[in-house]
Amino acid sequence: MTNRADMTLTSSGFYVSQEAPIHPDNPIATPTATPPDVLRCAYMELVVTDLAASRVFYVDVLGLYVTEEDEDTIYLRSTEEFIHHNLVLRRGPIAAVAAFSYRVRTPEDLDRAVAFYTELGCDVRRSADGFVKGIGDAVRVVDPLGFPYEFFHQAEHVERMSWRYDLHIPGELVRLDHFNQVTPDVPRAVKYMQDLGFRVTEDIQDEEGTVYAAWMRRKPTVHDTAMTGGDGPRMHHVCFATHEKHNILAICDKLGALRRSDAIERGPGRHGVSNAFYLYLRDPDGHRVEVYTQDYYTGDPDNPVITWDVHDNQRRDWWGNPVVPSWYTDASLVLDLDGNPQPVLARTDTSEMAVTIGADGFSYTRAPEDGAAAEEMPEWKQGEYKLGHQL
């Protein structure tokens with residue numbers, strides 16, 4: 001599948017090409033119906049088991065703004081948002097994701113969504129009054145990969161808080177940036193998302209053509225969602241953006257001051273993929289939340305696709321820090337439209353953690369240069385890493 005001869009190796013160590021050479025062995029059929037015109041990822045609906053604890057985490061610690069709430073549901077938004085919410089926290093018996101929600105360009109795009117997913121044979125439901133507060137006519141589907149998607153156009157407008165500097169905190173979260181989804185067959189997922197109108201910006205592959213992850217966008221940033229190879233369907237993380245690196249450092253300092261450093265799963269650091277500064281947190285139910293800043297513009301039609309070698313130890317962390325195993329293995333369940341957990345299917349392709357020895361925190365995966373033998377992690381870099389389970 002991968003032909004490195006068709007790519008250009010850059011001075012930064014990754015490859016670029018005009019199209020990512022990702023071709024599934026068992027593609028989802030391309031509908032004849034026109035897909036809905038997706039603008040951006042807009043909100044996620046999370047089911048949490050302890051609503052009060054989740055409110056403390058998302059409001060008191062991370063500083064999201066409460067649009068409205070009742071005894072079972074909290075609607076939250078980030079600083080720059082003008083629609084009703086970016087995150088819904090709903091009390092339920094099992095921690096899971098109820099919806100990955102996308103805004104579409106026109107009301108007619110909801111008709112297109114119905115036709116597109118009906119042709120795919122998916123469970124499709126429509127509510128003229130929306131499925132949650134603040135959202136009008138909406139379509140929810142279980143897509144061919146098993147994920148609960150929502151599409152909407154109409155939304156209630158609320159005050160954008162960008163000018164309320166009196167309320168801002170050092171770790172201000174300014175917008176919802178992206179989702180990340182775990183799926184067993186990344187090429188199959190990529191082809192389906194391309195049919196939906198998404199474009200690949202970056203991916204991770206090996207020389208044999210195995211695809212480990214791909215980043216896809218509708219808005220002109222690195223991604224609105226990513227497909228990560230693993231047992232799925234599951235939700236890897238939901239991501240909010242900040243303006244600067246110092247906002248992320250402030251969140252770490254705040255968590256330390258609150259004696260809640262265990263909420264930090266990975267980071268802070270800088271990704272190779274996306275070039276963004278990052279931090280991964282776990283909420284009280286274990287849902288993973290990324291805080292992210294400083295990726296790059298991708299809106300030109302000839303924006304090159306970046307391909308990273310899976311054995312480049314700087315792909316996941318530009319500084320070469322090991323990836324904690326929980327980041328590869330843990331993810332949130334997703335629900336069907338009746339609220340039942342979707343069955344999780346095992347990945348059959350090799351896993352990124354299995355093929356990158358550096359993932360265990362005690363070795364090194366940088367590819368050899370100029371014919372030299374591959375190096376192991378220097379002794380001085382080995383040590384006690386936060387593995388999630390003490391060795």
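Not measured: the values here are computed from a predicted model.
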Can any side-chain N or O of D129 pair as donor or acceptor with the backbone N or O of D137 at less than 3.5 Å?
no
Give the ring-plane orientation class for W308 versus F14, where under 30° counts as parallel, over 60° as perpendicular and anything between as tilted.
tilted
Joint cluster assignment, V61 & I169, ILVMFWY side-chain distance < 4.5 Å:
no
What distance do K254 atom NZ and L249 atom CG have between them, rounded to the nearest 0.5 Å?
15.0 Å
Are E81 and R40 close enough for a salt bridge, meaning some N to O gap below 4.0 Å?
yes
Answer with yes or no whether the side chains of T49 and D285 bring together a donor and an acceptor at under 3.5 Å.
yes
Can you tell me if K245 has over 12 outside heavy atoms packed within less than 6.0 Å of its NZ?
no
Is it true that M44 and F82 fall in one hydrophobic cluster, defined by side-chain heavy atoms closer than 4.5 Å?
no
Using the ring of each side chain (for Trp, its six-membered ring), is Y280 parallel, tilted or perpendicular to Y278, with breaks at 30° and 60°?
tilted
Spacing of OG1 belonging to T307 relative to CG belonging to D203, to within rounding of 0.5 Å:
3.5 Å
Testing the 3.5 Å rule here: is there a donor-acceptor pair between the side chains of E290 and H178?
yes
Compare all side-chain heavy atoms of P268 with those of L279 and state whether any distance is below 4.5 angstrom.
yes
Begin with the C-alpha distance, continue with both residues' side-chain angles, and end with the deciding distance and a verdict on side-chain contact (heavy atoms from CB on, under 4.5 Å) for V97 and F147.
CA-CA 9 Å; V97 177; F147 292 100; over 6 Å; no
Between T210 (side chain only) and D206 (backbone N and O only), is there a donor and an acceptor less than 3.5 Å apart?
no
In terms of hydrophobic clusters joined by side-chain contacts under 4.5 Å, are M216 and L176 together?
yes
Going by the salt bridge (charged side-chain N to carboxylate O under 4.0 Å, His left out) test, name the single residue among K219, R175, R218 that passes it with D224.
K219
With heavy-atom distances below 4.5 Å as the criterion, would you say the side chains of F240 and L64 are in contact?
yes
Between E202 and S274 (side chain of the first, backbone of the second, donor and acceptor by atom type, cut-off under 3.5 Å), is there such a pair?
yes
Hey, is the main chain of E172 close enough, under 3.5 Å, to the side chain of T242 for a donor-acceptor pair?
no
Value for CG (N86) from OG (S78), rounded to nearest 0.5 Å, stands at 4.0 Å
Verify the ring-centre separation between Y102 and F198: is it less than 6.0 angstrom?
yes
Give a yes or no on whether the backbone of V222 and the side-chain of T201 come within a donor-acceptor separation of less than 3.5 Å.
yes
Looking at residues at least two apart in the chain, or sitting in another chain, which of them share a ring-ring contact (aromatic ring centres under 6.0 Å, His included) with Y15?
none
So among H153, R112, R125, R126, which one has a side-chain contact (heavy atoms from CB on, under 4.5 Å) with V139?
R126
Classify the side-chain pair N303/T298 by whether it contains a donor and acceptor separated by less than 3.5 Å.
no
Taking the side chain from E119 and the backbone from A33, do they hold a donor-acceptor pair closer than 3.5 Å?
yes
Partner of D309 under side-chain contact (heavy atoms from CB on, under 4.5 Å), chosen from R4, R315, Q205
R4
If we ignore hydrogens and angles and just use 3.5 Å, is the side chain of D37 paired with the main-chain N or O of R105 as donor and acceptor?
no
d(R288 CZ, R234 CZ) to nearest 0.5 Å is 8.5 Å
May I ask you to establish whether R266 and W327 are in a cation-pi arrangement, using a distance under 6.0 Å from NZ or CZ to the six-membered ring centre and at most 45° from the ring axis?
yes
For the CG atom of L62 and the CG atom of L281, what is their distance to the nearest 0.5 Å?
6.0 Å
Hey, mind stepping through E207 and H311 against side chain to side chain donor-acceptor pair (under 3.5 Å) and telling me if it holds?
CA-CA 10 Å; E207 290 186 350; H311 295 292; over 6 Å; no
Any side-chain heavy-atom pair of S101 and F131 under 4.5 Å
no
For the side-chain hydrogen bond (donor to acceptor under 3.5 Å, both in side chains) test, which of K133, R77, E68 pairs with H84?
E68
May I ask you to decide if P170's main-chain N or O and N247's side chain share a donor-acceptor pair within less than 3.5 Å?
yes
Distance from T221 atom OG1 to Y296 atom OH, nearest 0.5 Å?
9.5 Å
Do F179 and M235 have side chains that approach each other closer than 4.5 Å (heavy atoms only, starting at C-beta)?
no
Please determine, by modelled atom types, if H287 and S332 share a side-chain donor-acceptor pair under 3.5 angstrom.
yes
Step by step, would you call L173 with I251 a side-chain contact (heavy atoms from CB on, under 4.5 Å)?
CA-CA 10 Å; L173 304 182; I251 292 171; 4.1 Å; yes
Does D262 pair with R282 as a salt bridge, N-O distance under 4.0 Å?
no
Run the numbers on Q294 and I248 for side-chain contact (heavy atoms from CB on, under 4.5 Å), then give the verdict.
CA-CA 11 Å; Q294 300 179 339; I248 290 177; over 6 Å; no
Using the rule that Ile, Leu, Val, Met, Phe, Trp and Tyr join whenever any side-chain heavy atoms are under 4.5 Å apart, tell me whether F151 and F116 fall into a single cluster.
yes
How are the rings of Y117 and Y192 set to each other: parallel, tilted or perpendicular (split at 30° and 60°)?
perpendicular
Parallel, tilted or perpendicular for F152 and Y43, by the 30°/60° rule?
tilted
Can you find a pair of side-chain heavy atoms, one from M227 and one from V211, that are under 4.5 Å apart?
no
Check for a donor-acceptor pair, side chain of D300 on one end and backbone N or O of D302 on the other, with a separation under 3.5 Å.
no
Determine whether Y328 and T228 satisfy the following criterion, side chain to side chain donor-acceptor pair (under 3.5 Å), listing intermediate values before the conclusion.
CA-CA 9 Å; Y328 285 117; T228 296; over 6 Å; no
C41 side chain reached by T225 side chain, heavy atoms, under 4.5 Å:
no
T293 side chain vs H243 backbone, donor-acceptor pair below 3.5 Å
yes
